[in-house]
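Okay, structure first, notes after.
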Amino acid sequence: MKKLIYILIVALLASSLASPSVFAKSDNAKESLVAVGDSIPFGLNLGQTNQNPAKTSYPYIIGKLADLRVRNLGVSGWQSAQLLEALKTDQKYRQAIIHSDYVAVTIGNNDLLAILREAAAESSGNQVLFQQLLGIKLN
């Protein structure tokens, strides 16, 4: 019986810690924008070194215009599968999205480039074959 009471107390404490009021923002807190994706939200070649997301990338421009706190988690070179994996396994990504007010997702550019490169290599410069590989209908 003591064990059951102990389990109920622990469960009650755990549920109270996870209640929405624990995570509620103060009335003065800025709303937040989290950007995830590839080189577009990262702002590749917009900054001095490409070591960190560029402060002139679109998430920061939106943040400035809308008075939002910005967290830019874009990674140059990422494809959709890499972002999906990060969202599944990386606590930083999951928590950032859970606690954000807005999320900007820009991904797929590198996926498209990979498809184009593969079709170009497979077609060996043959324009008709290249278009067929991409599923482009000819006149």
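These numbers were taken from a predicted model, which means no experiment stands behind them.
The salt bridge (charged side-chain N to carboxylate O under 4.0 Å, His left out) contacts involving residues 54-67 comprise K30-D67, where partners must be two or more places apart or lie in separate chains. Applying the side-chain hydrogen bond (donor to acceptor under 3.5 Å, both in side chains) test to residues at least two apart or on different chains, the pairs with a partner in residues 104-118 are D38-N109, Y58-T106, S80-D111. Residue pairs meeting the ring pair (Phe, Tyr, Trp, His ring centres under 6.0 Å) criterion with at least one member in residues 62-90, sequence neighbours excluded: W78-Y93. Note on residues 104-130: no pairs pass ring pair (Phe, Tyr, Trp, His ring centres under 6.0 Å), not counting sequence neighbours.
Think of L133 as one node in a network of Ile, Leu, Val, Met, Phe, Trp and Tyr side chains linked at under 4.5 Å; its network also takes in L129. Through direct or indirect side-chain contacts shorter than 4.5 Å among Ile, Leu, Val, Met, Phe, Trp and Tyr, L65 is connected to I61. Under the 4.5 angstrom side-chain criterion for Ile, Leu, Val, Met, Phe, Trp and Tyr, I98 has no cluster partners at all.
Hydrophobic cluster membership differs between V103 and I62, with clusters built from Ile, Leu, Val, Met, Phe, Trp and Tyr side chains linked at under 4.5 angstrom.
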In residues 46-54, what donor-acceptor pairs under 3.5 Å come from side-chain atoms, sequence neighbours left out?
unit_1	atom_1	unit_2	atom_2	d
T49	OG1	Q51	N	3.2
N50	OD1	N45	N	2.7
N50	ND2	N45	OD1	2.8

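No side-chain heavy atom of L73 sits under 4.5 Å from any side-chain heavy atom of V75.
Counting all heavy atoms, side chain and backbone alike, G74 lies closest to N72 at N-OD1, 2.9 Å.
Side-chain atoms of R94 come within 3.5 Å of backbone N or O of K88 as a donor-acceptor pair. Under the 3.5 Å distance criterion, the side-chain polar atoms of S57 are matched with a main-chain donor or acceptor of P41.
Y60 meets the ring pair (Phe, Tyr, Trp, His ring centres under 6.0 Å) test with no other residue; sequence neighbours excluded. Evaluation of the side chain to side chain donor-acceptor pair (under 3.5 Å) rule for E85 yields no partner, not counting sequence neighbours.
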